[in-house]
Structure formats: structure tokens, C-alpha cells
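Notes follow the structure.
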Amino acid sequence: MTAIKGQVGSSAIVAREPASSRAMSAGLTRRLLRKPLGLASAIVILIIIASSALASLIAPYDPLDQNTHIVRQLPSAAHWLGTDSLGRDVLSRLLFGSQETLVGVLQAVVVMLIISVPLGIISGYLGGRADSVILRVVDLLMSIPSIIITLAVLAIFDSSMFAAMITVGVLASGAFIRVIRSAVLGVRQELYVGAARVAGLGRFQIMVRHVLPQARGVLLVQVSLFAAATLGIQTGLAFLGFGPPPPAPSWGGMVAEAASLIHQDPWLLVPSGGIIAITTLAFGLLGDALRDSNQERFTLASTFKRQVALATGGERATVVEALSSTTGAVLSVRNLRIGYGSVGDELTVVENVDFDIAPGEIVGLVGESGSGKTVTALSLLGLLGATGRVTGGSILFQGNELVGLSSAGYRGIRGSGIAMISQEPMVALDPSFRVGAQIAEAVRTHDRCSRAEAKVRTTDLLRAVKLPPEVASRYPHQISGGMAQRIAIAEALAGRPKLLIADEPTTALDVTVQADILDLLRSLQQDTGMAVLLVTHDWGVVGDICSRAVVMYAGQVVERASVDEMYRRPRHPYTLGLLESSPHLAKKGEPLPTIGGMVPPPRDWPTGCHFAARCPFATDACREAPIPMADLGDGRASRCIHIDLLVKERP
Amino acid sequence: MNEGKTGSPILEVDDLVVDYRTGRQTNRAVDHVSFEIAPGETLGLVGESGSGKTTIGMAILGLVPTTSGTIRFEGSDLARLSARERQGLGTRRQVIFQDPYSSLDPTKTIGYTLAEPYLRGNSAARATVADRMAELLTKVGLSPEAARRYPAQFSGGQRQRIAIARALMLSPQLIVCDEPVSALDLSIQAEVMNLLAELQRELGLSLLFISHDLSVVRHISHRLIVLEHGRVVERGDADEIYTAPKHPYTQALLAAAPVPDPVEQRARREARLAAKESKGIPA
């Protein structure tokens, strides 16, 4: 793992080199070929195209050669796919017949692309008048019955398959203009298109360089599905007799021939129908594989796996914490370890997490992205998703162990024991129901009461979150973000929970609204005695509402203290660094104090202190072995062996 | 705090109005806003969502049409420029967006993204582009080899550094920074702010710094403008506004922002709640 370094002022940045950086920049093709179905369908299509092009070289017989001695034979060494009613070799006829079919498909696809790509991009990117004109034309194209027009064209142009396929391409372009337009509309909103405009790039250049590449994936998927559909049309027309006149071979024509002889020679339908089915299937599967590869392409997700066990495996000694379990705590988390991935091969993303929450207490779980704070919060409710699980430790809620609980067991806890509100209240609300109905539903889930009683309690809950009762009849799109968060809180209160997990509840809100929500949480905690675990990255929010704070860094708890103590005398270098980098106390004109470096991703966690690489106090001892949590008395603890160096008192 | 405030302003916004039309409704996003930015000055634009701060930035960049008023950049009225002249502005007026994930084209290498505006209509630049890229990537704290990689390989803070490098490629006079640090972690936010401040001092840039976070804006800005519903409610020296806000809205904004100090925050909260109560608003 090479690291590159650069310097700006005092801050050094180490770029993370992903384990498979080649894989990430790999194009669509390489991703496609890595999928079994993608690879198989691509190979099948290549073989069909190649054998069609080379038919005159590889075909064992002349496709028109008749031999009345060997009519309607089953496959043999001489005739691999048998012979037809005139004794012609079926394999050779298929090989030659494919040319007509594939060329027809190609013509239709090319015509469709020539029309739909420019028009779709112009329509989506330029909008305005061009867009409305193009859309009217598209509406017209889509309202035309394509089969009838195609048959009419065949009648006018003397059964010309070329004219028919051009017509198919033109008529299909309407739908594709719409597909490309909507892909482009999405890309147009992207900020990099805005940046390109600010840079003075012309419209044409932006469309070709930045918009088209994003639409390319969608385009390839559609092309391959369209090819499959066109193949059906082309062979269908040949089946109806619009193909090349006999005796020239064509796939559709061969099917027609086989169909007329189905009683005498059922085998004949197998090669001709089979090749059409295989080709259509291959195009369809290729389309599916293309779509998947395209979605993966610009995300890191698929390269995350593997080579994980090394970093987190046996040699990592578990530090067993000495934090005695506090009696009376509503929640006690001990030595919690969480992993993602297949069973036995998990990537550990959280380890050595210990904390308690007393009844009625508001505790802040503080950390930056990648610290594991949200994963820890989700694990308390058993919401780690399909691939995540608690791999060690214990979560005691009111004395009951939650680790290993069945989903039915969790149902008894969620809502009525532990409730949760999230950062995006709008996402948590169903847009198609009135908010009152959503609260009432939560009430009825927990109380099993009548509708009338639920309605009364809904009004009570709305009052509890300081909203007037008439809000109940509004839909989520009719309320503001702050109101939505209040509704989410009302829903969470429906089960009278003992503990509320609030995951960044105010991050998406304006500061004045944030202050109101924090006031509300505080008054609810005072009125109901509910404990709150507040997950946040904002020291201001912690200072406003929490009595104690738990700081996490790179998957571990690094410090626990009362909020006053933590701000005044932080006892972990990371806590100190994070507090100092807030612009609130910074001197104007002087650079802000920074920590430098980055949070290591779970697969790069060191054996020793996770923070050592960025720590100004780090010594060799820090890097040698896992650092235990040191108990400092008064409920304080820090995962640092150089606490004596951190005696600085903050103003 | 008056360093560099000499000469004629680089940007003059005079009586700017921007209306958004949604269906038959017209919403006024920016309501008769005027301000100017001197060379080498940072002007902070503060407000909550719906205050019109982002729209003002977009109007200056020519990304939204204005309804009335004038925007003068280096003395010339943007509305009167020909398309060609306006394109040329890209060399002197740049942007850094909030979202470092959507502001870089995921299909292009960093090198392509940096070089594209630099090479536009300038074939002679081909000889110097590699040096320029290496210089700027180093300046923003990345290795020159970053040019060969794709955006997906960088963290949010690194992408924001790349966006800054892209903005600097053409040696602009003015950079519109639209919430450039809001999506970043606290420790990364401090680094990016230091970088912007350092680059400004070094290159004499003018910055229009748009943010909802008063403490961030105050740290980096010389002067501040506070916006509410598209209108300017207060303007003046950044430190003065931060320590002694005059307009009730600015006062409410400052009172609502929690400070990272529990003792001070407790006092502030009590003062805020008392003020609320005296106005008869329930807590």
C-alpha cells in the first residue's frame, strides 16, 4: 500500500490507495466480462456474429445444395444439425441465413441511434422550445401502430427487408429519445455540469464530454434489449415470407419451413427456433449484465470486500475492558464488536465499544464520518442490514441481552423500548399518507386501541411536540423540515420508549429550527424521563443538550466523560484535536488548528492505537499493542497511554 | 481587516432581483440585493435555507437568469456581454460547490477535469498543462499523480481540494464558494478553510463565501452580508456583526447556533429562551 503525501501549511494529506484501484477505474467492458452471465452472453453473441461473417469459409456445405437421398435426417457426423426436406445441410443454411438477420438488426439499431441520441440529448440538455418540439414528434411516433406501418412499407417497397428495418428503427426511436432525455435530465443537475458551464465550455462540448458518457450505460442497455426485440421482428417478417425468396436461407424462413413439416420432422424446428431463442436470450442477458455493470461502475461498493481477514484476524488481541456494568443503567454496551461481510470472514468496523446510559440521561455519541457511531447506534436496534452483525460483546437494555435476539424479539423492543429518529425526517414519512394517520398507525401498533382512542393520543403527541392538532391532516410535502422532524419525534414517542436514539437529528435543519428541536428534545426528556442517545458530529449540539459524551474514532470508543469535563480538559489527543478545529474559538487571520491525515478505513486499522498516525504525542509504545481504556475516575476514561502529556486546560 | 481593499471593486451587484417561476406562481428568491467585492477581499453571505444566498452565487456565475438589476464583473455588465465574452469570463471567475461528490464528473480522470477548461480554445496551453496541474495539485496538498485517478478514489475532503485546484487552473480573480465546507467533517473542514485562506493571501483572490454557518463565515470573511428571505438585513465588518449583531434576525441566528462550550452554551440558551418567553412565544 503506497501512500502519497503533499504539504500545505501544517497539514499533510495521505491519499488512500484502494486495494484494487485498477478495478475501480476499469471500464464498463471489464466489469461486464467479470460477470458470468455477461461473459457468457457476450461470447455467444461474438460467436454468432463471427460465424455469420465467416459463413462462406466455415460452412461445411453450400446452403443451396440439394441431395434427395438424405432428406430430413437427424444430426449425424456428416450433417451436425441434420438436413431439411430437400436434403440441404441445416447448419450451413443457419450460418448463411444469419447474415440477413444480423444485418437487419444492425440497420434498425443504427437508424434508431442516429435519430434518438442527438435528439434525446438536445431535448434533455437544452430544454425549452427544442424540448417541446421534439417531445411532440416523439408522441406522434409512439402513437403510430408500428406493425401496420412496417407491413405497409413492405408492400410499397416491394418486400424490401432493408426498408422494413429502417422503418422499425425510425419508429422505435421515439421511445429511446425519451429514455435518453430522462438520463440526460438527471446528469444536467449535476454540479460538474455547472462547473463546466462556469469554465466557459460550450454547450456542444458539455453535451459530448460530460453528458453523453453518463448516458452511455443506459444507451448500451437499451441497444442490447432493442436488438433482441428487433431480432424477433426481423425473423417474424421472414417467417411471414417477407425475407429473401426461397431457396435463399433465412432464420425466419427456416422456422416457417420447419413449422409446415412439424408432424413429419419435429427436429427441424429445434436448430432454427433454437438459434433465434439463444440469440434473443443472449442480447437480453447482455442488457441485464450491462445495466448492473454500469451501476457499479462509479461506486466503490463492489471493491470493498476481501483481504479483510488479514487485518482483523486472530493476531488482533481483544482488549477486555474493566468497565464494571452499572446497575440501574437503561442501556449498557460492553466490548461491542460489529462486522460486515460473510459469516466468519467479517470486516470489523466497530470494536471495543463500551458505554452506559442512565435513565433520563442525554448522552452524545460523537465522531466524524468513518468513526462507527451510526453503525453502533443501528446495532442497538438490530438494524445492521443483511450483511452486518454483532460479532462480539453485549448490549444490555433494561437488563435484557439484545445481542442474538430474534427479529420477533426485537419487535418487542423497537418503538416501545428503544425508538429512533434519523437525520432525514422527510424520508421517514410516507408521502402518500397524512401525517396524523402515520402517527395514529404507530399508536395503534403499540397500544392496540380503537381508532378514536388513537386519534386522541395522536393529538396529545402532536401537542407534546408543540404542533397544533390541525397539522395531522397535512401530507408530508405540505410541512417544513423542522415540522417533519417533530412528526418523526411524535411517532417515536407513540410507544413510550425508555431510550430514544437520535441519529444526527438536526444536521439537515437550519440553525434556528435546530435550536427548537433541541429545546423540544430537552423538554421531552425532562417530562417523560426518557433517555436519549444523540449521535452527532457537532460539538455545539453536544454542548447544548448532552450531559455526557462518548467519543469514537476509527471504530473504537476513545474517550468518555461528562460534557463539561470533556470540553475543559479533554483526555484524548483526538478529542482535543477535534475540539480545537472548531472555528468558534479560532483567532481571525490565523490558520485553524488541524489534525492532519485521515481516519483510516477499517481494513487499514493498525494493531496499536488507531489514532497514532495522526497524533502529535505518539511514540513507539502506541503502535505496538492495542491500547486499553484507562479509567480516570469520576466516570472518565480515555484510550491513551500519554494522558499525562494532555494536561492542557482549554479556555 | 482592510488589507487588499484597494482599487475599484472586482464585482458589483446592484439591485439584483431573481424570480423563480414554478407553474403560475412566481417566487422572489433574491429581492433587491446590492453589494460589491474588492480585489483580495472575502465577502461572506450568510442566511438559512430560502434566504437566496445560493441563488445570488448562481446569478453571478450566470447559471440562473436574473429578473432585474445589474451584475458588473471587472467593470463590465454581465447581461450586456456577448456569448463569446461571457465564455471568456470562465478564466477569471470560478466556483467551488458544496457537494464534492457531484461536482466532479465521475467518468473523467482528475487530470481531464483539471485540463479541460485550461485547454479550451488554447492549443498552446498543451505544452504547459501538465506542469500547471502538478503545481496546483501540490498546492492543494495532493500528489501530482492524483491526475491519473478517478473521483471515486478520493475522500470528500480530497475531492474538495481537487475542486479548488480546478477553480485555480485558470488563475481566476474571483471564486464563488457555495458552502464549500458544509459537507465535510470538522477536522477536514478546518483544513479546507485554511487552504482557501492561504491561497487567497498568496494569490490575491476575491472570494464570495456562501454559508449557513456564521462561525465559519466569520473566520474567513472580511465583511459579512446577512440575508433573510432574499433581502439583506445586515451588512458590515465580520467581527463586528459576530460580536454585536444589530438586526433581530442576525441576533436570532447567532443565538440559535450552539457554541462548542457547554458553560457558555448554557448561558446563551437561557438568554435565548428568556428572550423567546418575553415575546410570548412558547418554548
Side-chain angles (χ1 to χ4, degrees), chain A residues 4-9 11-13 15-16 18 21 24-25 190-192 194-202 209-210 213-214 298-300 368-369 466 510-512 514-515 518-519 523 537-541 543-544 563-564 567 577-579 581-584 586 588 591-595 598, chain B residues 48-49 61 63 87-91 93-95 97 99 102-107 116-117 120 138-143 145-146 149-150 152-155 158 166 185-187 190-191 193-195 197-198 212 215-216 219 239 252-253 256-263 265 269 272-273 282-283:
Chain A
I4 48 173
K5 283 195 177 185
Q7 287 282 330
V8 172
S11 62
I13 296 294
R16 79 191 139 127
S21 71
M24 247 170 319
S25 51
E190 296 285 345
L191 291 174
Y192 58 80
R197 283 174 65 189
V198 172
L201 298 185
R209 299 278 173 74
H210 295 289
Q214 285 288 20
F298 306 113
T299 57
L300 279 161
E368 298 183 283
S369 43
K466 317 264 191 296
D510 279 329
V511 279
T512 49
Q514 163 172 289
L518 294 178
D519 288 344
S523 72
H537 67 279
D538 187 331
W539 283 118
V541 172
D544 183 62
V563 166
D564 286 359
Y567 282 76
L578 204 56
L579 278 167
S581 57
S582 162
H584 174 65
K588 185 103 178 218
L592 293 164
T594 56
I595 297 176
M598 286 173 41
Chain B
E48 296 190 288
S49 48
L61 295 168
L63 294 176
Q87 281 193 4
L89 281 183
T91 62
R93 177 194 66 177
Q94 272 297 332
V95 62
F97 289 113
D99 183 358
S102 132
S103 67
L104 300 175
D105 187 340
T107 64
E116 188 179 46
R120 188 186 61 86
T138 314
K139 201 185 269 302
V140 299
L142 294 168
S143 148
E145 81 166 81
R149 303 202 200 174
Y150 287 85
Q153 290 166 261
F154 294 92
S155 69
Q158 291 173 331
R166 170 176 61 188
D185 273 324
L186 195 56
S187 63
E191 285 175 8
M193 279 173 68
N194 287 346
L195 174 63
E198 196 181 304
H212 69 282
S215 65
V216 165
H219 183 76
D239 276 329
L253 210 57
V259 298
D261 181 329
V263 180
Q265 177 57 22
R269 184 173 70 228
R272 176 170 57 82
L273 291 177

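Quick note on labels: first sequence line is chain A, next is B, and so on, each numbered from 1. Here the structure is a predicted model, which is why all the values come from computation and not from measurement.
- Of the two parts of B:A197, neither the backbone nor the side chain holds a non-hydrogen atom closer than 4.5 Å to a non-hydrogen atom of chain A.
- Scanning all heavy atoms of the two residues, the minimum distance from A:L191 to B:S103 falls at CB-CA, 3.6 Å.
- The most heavy-atom pairs under 4.5 Å with chain A, out of B:L61, B:L63, B:L253, B:D99, come from B:L63.
- Of the listed residues (B:V259, B:V95, B:V216), the greatest number of heavy-atom pairs within a distance under 4.5 Å of chain A belongs to B:V259.
- With a threshold of 4.5 angstrom between heavy atoms, B:L186 approaches chain A through its backbone and through its side chain.
- Comparing B:Q265, B:R166, B:M193, B:H219 by how many heavy-atom pairs each has under 4.5 Å with chain A, the most go to B:H219.
- Scanning all heavy atoms of the two residues, the minimum distance from B:A190 to A:L592 falls at CA-CD1, 3.7 Å.
- Taking both residues in full, the closest heavy atoms of B:P106 and A:Y192 are given as CD-CE2, 3.4 Å, listed atom of the first, atom of the second, then distance.
- Taken to the nearest 0.5 Å, the NE2 atom of A:H584 stands 6.5 Å off from the CG atom of B:D261.
- Salt bridge annotation for A:D519-B:R272: present, with a cationic side-chain nitrogen under 4.0 angstrom from a carboxylate oxygen.
- Here the straight-line distance linking atom NE2 of B:H212 with atom CG of A:D510 works out to 8.0 Å at 0.5 Å rounding.
- Rounding to the nearest 0.5 Å places CD of A:E190 at 11.0 Å from CZ of B:F97.
- Between B:T107 and A:P213, the shortest heavy-atom distance links the atoms OG1-CB, 3.8 Å.
- The two residues B:S187 and A:E368 come nearest to each other via the heavy atoms OG-OE2, 2.6 Å.
- Contact annotation for A:Q514: only side-chain heavy atoms (C-beta onward) come within less than 4.5 Å of a heavy atom of chain B.
- With hydrogens and angles disregarded, no donor-acceptor distance shorter than 3.5 Å links the side chain of B:N194 to the backbone of A:P591.
- To the nearest 0.5 angstrom, A:H537 atom NE2 is 7.0 Å from B:D185 atom CG.
- Residues A:V511 and B:A256 share a closest heavy-atom pair of O-CB, 3.6 Å.
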